[in-house]
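Counting begins at 1 with the first residue of the sequence.
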Amino acid sequence: MIDNLARPMSDDAVSALPPFRRMRRLRRTEAIRRIVRETTLQPGDFIYPLFVTHGAGVRHEIGSMPEQYQLSVDRIPAELDELLDLGIEAVLLFGIPPDKDPYATSAYDSDGVVQEAVRLIKRVAPEMLVITDVCACEYTDHGHCGLLAGHEVDNDATIRLLARIALSHADAGADIVAPSDMMDGRVATIRAGLDASGHGQVAIMSYAAKYASAFYGPFRDAVASTPAFGDRRSHQMDPANGREALAEIATDLDEGADIIIVKPALPYLDVIRSARDAFDVPLIAYNVSGEYAMVKAAGRLGWIDERRVTLETLTAIKRAGAGRIITYHAKEAARWLHESAVTARRDLSLR
Ligand code: PBG
């Protein structure tokens with residue numbers, strides 16, 4: 001059989017072959033592949049989430065998110081050094097407060113964990129872009145994203161609370177506030193609140209298309225924000241809906257959002273693509289905790305090549321249309337990108 005296949009064709013038969021295009025020509029060497037590559041990753045593409053906790057000297061690894069830590073404010077400067085050395089210039093802050101109550105009062109405390117972290121970062125590393133997550137779920141004892149009326153999240157009371165939280169972040173010096181709650185009207189309310197308080201320059205990055213996703217599981221572990229009862233399906237989007245994401249995004253843009261987020265990322269590449277095609281605004285994808293945890297788990301078991309899977313995933317998210325990516329992989333990916341740039345330079349210089 002093999003002999004048969006390997007037998008050379010006659011010259012006549014070869015010249016009778018139909019014409020075909022040789023796509024492999026541009027895949028022959030790494031140098032050729034590089035010159036035709038459509039999507040490239042850089043460390044500056046990544047926004048790194050930081051979990052800021054209370055207390056001092058805390059650097060506590062999150063069980064379901066290996067290599068991710070809850071950090072107390074005093075541990076942040078070392079983290080910033082590492083990030084800036086790697087070329088990562090934006091962080092997204094989440095807070096783990098000492099006390100939670102039904103009204104999320106610690107969320108807008110001017111001495112709260114996030115507010116302190118923002119002030120510190122702006123003092124020690126003013127070049128670092130500071131984005132703050134604006135939501136109540138990490139600060140309520142019931143774990144819901146806002147104020148409750150009975151067993152429901154009260155939309156209109158919650159958006160006023162969110163505006164108050166956003167204002168406290170802006171007062172502390174945040175460059176961008178990122179509401180992640182999915183209440184209706186929150187972008188307009190936050191914008192009005194910021195403008196009325198002299199924060200017209202603070203931008204809003206809204207989680208515009210945020211799905212009610214099981215992929216947030218490890219995150220809720222990290223900040224202890226699993227709802228005490230019920231779930232978030234009354235405000236986060238149904239994973240079955242793609243077109244509805246465009247309506248959500250249009251609404252947030254109308255209300256004054258400057259940048260939009262689609263979240264999660266990998267299971268929603270189609271949503272990223274259609275958002276990119278439909279709107280000419282900066283678009284960010286959130287590669288969430290569950291996406292990260294799966295790669296880490298399979299990597300540790302030796303079931304996948306973790307480095308290649310990570311870089312392939314991040315490339316795919318960018319290829320789908322995300323301009324930047326919020327990702328827990330930021331530091332390792334930046335390190336791998338630096339390493340492969342060095343190897344590539346060495347390989348090219350050998351020729
Ligand atoms: C809400 C918020 C969540 C995430 C970011 N902001 C959790 C939720 O909506 O339940 C999830 C992020 C992740 O899974 O990585 N403050």
request  = Check the pair Leu93, Asp133 against side chain to side chain contact (heavy atoms under 4.5 Å, CB included), reporting the backbone distance first and the verdict last.
outcome  = CA-CA 6 Å; Leu93 302 185; Asp133 185 84; over 6 Å; no

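- The shortest side-chain heavy-atom distance between Cys137 and Arg232 falls under the 4.5 Å cut-off.
- Annotation for Asp258 and Ala203: closest pair OD2-CA, 3.4 Å, computed over non-hydrogen atoms.
- In this structure, Lys210 is not positioned above the aromatic face of Tyr286 in the sense of NZ or CZ being under 6.0 Å from the six-membered ring centre and within 45° of the axis.
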request  = Walk me through it: do Ile159 and Met183 pass the test side chain to side chain contact (heavy atoms under 4.5 Å, CB included)?
outcome  = CA-CA 7 Å; Ile159 58 182; Met183 296 298 120; 3.6 Å; yes

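- Under the 3.5 Å distance criterion, the side-chain polar atoms of Asn241 are left unmatched by any main-chain donor or acceptor of Glu244.
- Ring planes of Phe94 and Phe219: perpendicular class, angle over 60° (limits at 30 and 60°).
- Remark: the backbone N or O of Met128 is paired with a side-chain donor or acceptor of Lys122 at under 3.5 angstrom.
- Considering only heavy atoms from C-beta on, Leu162 stays 4.5 Å or farther from Pro179 through its side chain.
- By the 6.0 Å contact criterion, OH on Tyr103 is open, its count of non-hydrogen atoms from other residues, nucleotides or ligands being 12 or less.
- A salt bridge links Arg273 with Asp277; the closest basic N to acidic carboxylate O contact falls under 4.0 Å.
- Counted within 6.0 Å of CD on Glu67, heavy atoms from surrounding residues, nucleotides or ligands total more than 12; the atom is thus considered enclosed.
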task = Take Ile131 and Asp175 through the test side chain to side chain contact (heavy atoms under 4.5 Å, CB included) and record every step on the way to the result.
result = CA-CA 6 Å; Ile131 310 165; Asp175 298 294; over 6 Å; no

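- Within the 3.5 Å criterion, the main-chain N or O of Tyr69 finds no donor-acceptor partner in the side chain of Glu61.
- For Arg164, the CZ atom sits in a loose shell: 12 or fewer heavy atoms of surrounding residues, nucleotides or ligands are nearer than 6.0 Å.
- Nearest heavy atom pair, residue Tyr211 against residue Pro264, reads CB-CD, 4.1 Å.
- Considering only heavy atoms from C-beta on, Tyr139 stays 4.5 Å or farther from Asp109 through its side chain.
- Between Glu312 and Arg307 there is no salt bridge, since no side-chain nitrogen of the basic residue lies less than 4.0 Å from a carboxylate oxygen of the acidic one.
- Side-chain contact check for Ile190 versus Val177: some heavy-atom pair is nearer than 4.5 Å.
- With hydrogens and angles ignored, the 3.5 Å screen pairs no side-chain donor or acceptor of His169 with any backbone N or O of Gln115.
- Expressed to the nearest 0.5 Å, how far CD1 of Ile62 lies from CZ of Phe51 amounts to 4.5 Å.
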CA sep, side-chain torsions, deciding dist, call: Asp156, Arg160, salt bridge (Lys or Arg N to Asp or Glu O under 4.0 Å) = CA-CA 7 Å; Asp156 297 16; Arg160 292 197 295 276; 6.0 Å; no

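- For Gln201, the CD atom counts as loosely surrounded, since its 6.0 Å shell holds 12 or fewer non-hydrogen atoms of other residues, nucleotides or ligands.
- More than 12 non-hydrogen atoms from other residues, nucleotides or ligands lie less than 6.0 angstrom from NE2 of His54.
- By the neighbour-count criterion of 12 heavy atoms within 6.0 Å, atom CZ of Arg233 is sparsely surrounded, having that number or fewer from other residues, nucleotides or ligands.
- Counting only heavy atoms from C-beta outward, the side chains of Glu127 and Glu89 never approach each other to under 4.5 Å.
- For the atom pair CG of Asp74 and CD of Glu116, the computed distance is 10.5 Å after rounding to the nearest 0.5 Å.
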inquiry  = Assess the residue pair Glu138 and Ile96 against the criterion (side chain to side chain contact (heavy atoms under 4.5 Å, CB included)); give the C-alpha distance rounded to whole Å, side-chain angles, the decisive distance to 0.1 Å, and a yes or no.
reply    = CA-CA 6 Å; Glu138 298 122 67; Ile96 302 151; over 6 Å; no

key: ring pair (Phe, Tyr, Trp, His ring centres under 6.0 Å) between Phe229 and His151, intermediate numbers included   = CA-CA 8 Å; Phe229 58 86; His151 270 192; 4.1 Å; yes

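- Taken from CZ in Arg33 to CD1 in Ile35, the straight-line distance is 13.0 Å, to the nearest 0.5 Å.
- Contact check for Gln236 versus Lys263: no side-chain heavy atoms found under the 4.5 Å cut-off.
- Looking only at distances, no side-chain donor or acceptor of Gln70 sits under 3.5 Å from a matching main-chain atom of Thr53.
- Nearest approach of Val52 to Val73, heavy atoms of both residues: CG1-CG2, 3.8 Å.
- Cluster membership for Leu83 and Ile326, using ILVMFWY side-chain heavy atoms within less than 4.5 angstrom, is not shared.
- The only member of Glu332, Gln68, His329, Glu291 that meets side-chain hydrogen bond (donor to acceptor under 3.5 Å, both in side chains) when paired with Lys296 is Glu332.
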query = Could you go step by step and tell me if His199 and Asp171 meet the side chain to side chain donor-acceptor pair (under 3.5 Å) rule?
reply = CA-CA 8 Å; His199 290 302; Asp171 281 343; 2.7 Å; yes

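- Judged purely by atom type and a 3.5 angstrom limit, Asp81 has no side-chain atom pairing as donor or acceptor with the backbone of Asp85.
- Looking at Thr158, its side chain does come within 3.5 Å of a backbone N or O of Leu147 through a donor-acceptor pair.
- Expressed to the nearest 0.5 Å, how far NE2 of His142 lies from CG of Asp101 amounts to 8.0 Å.
- Between His235 and Asp181, the shortest heavy-atom contact is CD2-O, 3.1 Å.
- In this structure, Asn287 CG and Ile284 CD1 are separated by 13.0 Å, a value rounded to the nearest 0.5 Å.
- Of all heavy-atom pairs between Ala136 and Cys145, the closest is CB-O, 3.4 Å.
- A donor-acceptor contact closer than 3.5 angstrom is absent between the side chains of Tyr207 and Asp252.
- Note on Arg119 versus Asp111: salt bridge recorded, some NZ/NE/NH1/NH2 to OD/OE distance being below 4.0 Å.
- Taking 4.0 Å as the cut-off between side-chain N and carboxylate O, Asp45 and Lys318 count as a salt-bridged pair.
- Cluster annotation: Leu314 is connected to Leu266 through the hydrophobic network of ILVMFWY side chains, with a link wherever side-chain heavy atoms come within less than 4.5 Å.
- Rounding to the nearest 0.5 angstrom, the gap separating the CD1 atom in Ile176 from the OG1 atom in Thr132 is 9.0 Å.
- Under a hydrophobic clustering in which Ile, Leu, Val, Met, Phe, Trp and Tyr are joined whenever their side-chain heavy atoms come within less than 4.5 Å, directly or via other members, Tyr328 and Leu50 fall into different clusters.
- Glu82 has a carboxylate O that lies under 4.0 Å from a charged side-chain N of Arg335, or vice versa, which qualifies the two as a salt bridge.
- Counting only distance, with no hydrogens or angles, the side chain of Ser106 and the backbone of Asp99 share a donor-acceptor pair below 3.5 Å.
- Ser72 contributes a side-chain N or O that, together with a main-chain N or O of Gly57, makes up a donor-acceptor pair within less than 3.5 Å.
- Annotation for Leu301: atom CG counts as buried by contact number, over 12 foreign heavy atoms lying within 6.0 Å.
- Note: the hydrophobic cluster containing Leu80 also contains Tyr48 (ILVMFWY, side chain heavy atoms under 4.5 Å, direct or indirect links).
- A side-chain donor-acceptor contact under 3.5 Å links Arg276 to the backbone of Val281.
- In plain terms, the two heavy atoms of Lys331 and Glu79 that are nearest each other are NZ-OE2, 2.7 Å.
- Hydrophobic clustering (ILVMFWY, side-chain heavy atoms < 4.5 Å, transitive): Val130 and Met205 are in distinct clusters.
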